[in-house]
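Have a look at the structure below before the remarks.
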Number of protein chains: 2
Amino acid sequence: MKKKITLKQIARELDVSISTVSKALRDSIEISEDTRQKVQAFAKLYNYRPNNIALSLKNRKTKTIGVIIPEIVHHFFSKVISGIELVANKRGYNVIIGLSNESFDKEVINMQMLANGSIDGFILSIAKETLQQQDYHHFKETINQGMPIVMFDRIVNEIHCDKVIIDDLKGSKNAVSKLLSNGCKNVAIITTKDYVSVGKLRTQGYLEALEAYEITPDTDLILKVDDELVSDDRLESLEREIEGLFQNNKNIDGVFAVNELYAIIAMKVARNLGMKIPDDIQFIGFTDGVLSKHATPSLSTVSQHGQEMGEAAAKLLIDNLERDDEEERYTTIVIETELIERNSTK
Amino acid sequence: MKKKITLKQIARELDVSISTVSKALRDSIEISEDTRQKVQAFAKLYNYRPNNIALSLKNRKTKTIGVIIPEIVHHFFSKVISGIELVANKRGYNVIIGLSNESFDKEVINMQMLANGSIDGFILSIAKETLQQQDYHHFKETINQGMPIVMFDRIVNEIHCDKVIIDDLKGSKNAVSKLLSNGCKNVAIITTKDYVSVGKLRTQGYLEALEAYEITPDTDLILKVDDELVSDDRLESLEREIEGLFQNNKNIDGVFAVNELYAIIAMKVARNLGMKIPDDIQFIGFTDGVLSKHATPSLSTVSQHGQEMGEAAAKLLIDNLERDDEEERYTTIVIETELIERNSTK
DNA sequence: TGTCAACACGAAAACGTTTTCGCTATGAAT
DNA sequence: ATTCATAGCGAAAACGTTTTCGTGTTGACA
């Protein structure tokens, strides 16, 4: 087992100084051709690589990005990470992951763990609990210490930083408009409680679409589900809620759901009730994931383009990190959504 | 913007030495009650936290685990990460992610990026291309340099290190036996090419189950699909392949697929051909993901318990890192699979 | 008064780099 | 012969810690 070799060891071995070795390896003109070759050959032989930690300490930058997300077993978030990793790697950065698990405390702890010099900046999506408690001091403190943050998807206006979002309102408005233009007269929405910003916005898009078609919203057709974090028994009760929705409103002929799972479950319930998709009832979901694509019938969805969001966020952060003018100008990038039409709509 | 404060700054501010500050913060008995309180108060006021990079350099350990996986937009792998993160965090470690994207080169580059001091050890699952080329020098070198590796799922016997696997053979043998005991007479398997070790093992399990039931394997019923990495047009051709399988073998009444997607697609094809599930034909997949649970009919699967695998791998690695006896004894942990019966089987 | 332990603190090394500055020897130019 | 530029290299500082060792002051005790 030959341990990693250091400059000091090379220096001792070749009977030169550490500085000489360092310079020789970086092709400095100060060093004679002779010694340069000697050093480089030796270094190659022993497979020398500069110690990253030492470099980080010296340069006061780690070339590492911290990413905090609510969960990773989730198509959207893993897509985003995939995008982050892509541009980060291309630009010589590493990605270090923290999971908040939708918990405020874990979010804070994770950020503290990373903010002590381990990373150069954050990319994050806010935990639900944090959104509920509306306690954002940890973000403010981090930014105050000079560590840049890029937020994506679940953001909050109160915090002043770079952001990458989609136009939730427009995306859902489009989707609902599509249902209406496809002939649906009674479109229901399955959404989340309002504290989830995206849920709220998507509900608003629904309402605006109705308005554009001069339809008065019917509160009976708006189902606000308690939580997105779905355990197995929550699933059961969700099914019953949706079943109730359909039973009490026999005229429903279109459903817009603010996420993929709600839409899939609603389709299942509808089919069990004997409705034909898309003839009797049409469905559109939000967030294009593996479920939408492979469901039967395949589900039309509003794609969030998670990978692009990740790429944009990473670009924003790294550009910021490598920009030397100190002038802070925060930008918000809006990624366009895309309505992917499949077999759950006509 | 108040930047992070250092020991040196505290020392200067309070007119004591750096050593005194350091000791005071760590409650050393060398320091008088007076100065201790003064220093601690000051540190708290300025929210002092030791710089992680400096600590890493000094201690020659980073308390960070490097994870290299083929892709992250994948239920199984994200589950594993989730498990790794859980125990890593609990034990004060961070997790840094590298994606090989199934490419040999990216695997090597990623490992080099991390092996230069950024991490204390690796947890990884081998890229397909690496398995094909059978070039494992980067693993050997890493281990030789004293950096421990834990492999999970896609392993290779040639490399001597800790491993976490499932009993692929047993898992698939169980699944196929289940189909047979459910009355299936002609069970087909949809599998991958043999270079993917798990594909090979699962195929073998299939054969052993048949043997146990004294059934002679029919090569027509063994469909070896080219690649697991499925792009959209690959999907189409996969459907046609499976359709061919069914058309040419009308007697098939059971299907075992080595992953979830193959099973879902096969179910779809079968349904389109007018077969009733599970009456005419039964299905079991491998890898319990979101598709299996929410498909209609829901798919019976062999669960790999990804999260547990991640937890076990992290525990193995950290135990190794924190053990001081130098005696190397590699262990292989086998995580039990579980057959989850849903509606695609009787 | 002289000795010694205990106390409280500081200096410095070490981790592995990079970089600035200074030094010496060589040869050329005056 | 003296000056001077230059080539080639080394010493040391710096990044932020922790820890070992040394040192000065105090008070107690013989």
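In what follows, chains carry the letters A, B, and so on, assigned in the order in which the sequence lines appear, proteins first and then strands, with residues in each chain numbered from 1.
The stretch residues 5-20 of chain A touches DNA chain C through A/T6, A/L7, A/K8, A/I18, A/S19, each having a heavy atom within less than 4.0 Å of the strand. Residues of residues 31-51 of chain B having a heavy atom closer than 4.0 Å to DNA chain C, listed by number: B/I31, B/S32, B/T35.
Applying the 4.0 Å criterion to OP1 and OP2 of C/dA14, one finds that B/R60 has every side-chain N and O outside that range.
Computed from coordinates, the A/I29 CD1 to D/dA5 P distance equals 18 Å when rounded to whole Å. The NZ-P distance, from A/K61 to C/dT18, rounds to 15 Å in whole Å. Atoms NZ (A/K58) and C1' (C/dT19) sit 6 Å apart, rounded to a whole Å. For the pair B/L57 CG and C/dT18 P, the interatomic distance rounds to 13 Å; values are reported in whole Å. Spacing between atom CD1 of B/I53 and atom P of C/dT17 amounts to 14 Å, rounded to whole angstrom units.
Counting non-hydrogen atoms of neighbouring residues, nucleotides and ligands closer than 6.0 angstrom, the NZ atom of B/K61 reaches no more than 12 such neighbours.
Residue whose closest nucleotide on DNA chain C sits further toward the 5' end, between B/N59 and A/E30: B/N59.
In this structure, A/D162 contributes its side chain and A/T331 its backbone to a donor-acceptor pair below 3.5 Å. Judged by distance alone, with hydrogens and angles left aside, the side-chain atoms of B/T62 form a donor-acceptor pair with the main-chain N or O of B/S118 at under 3.5 Å.
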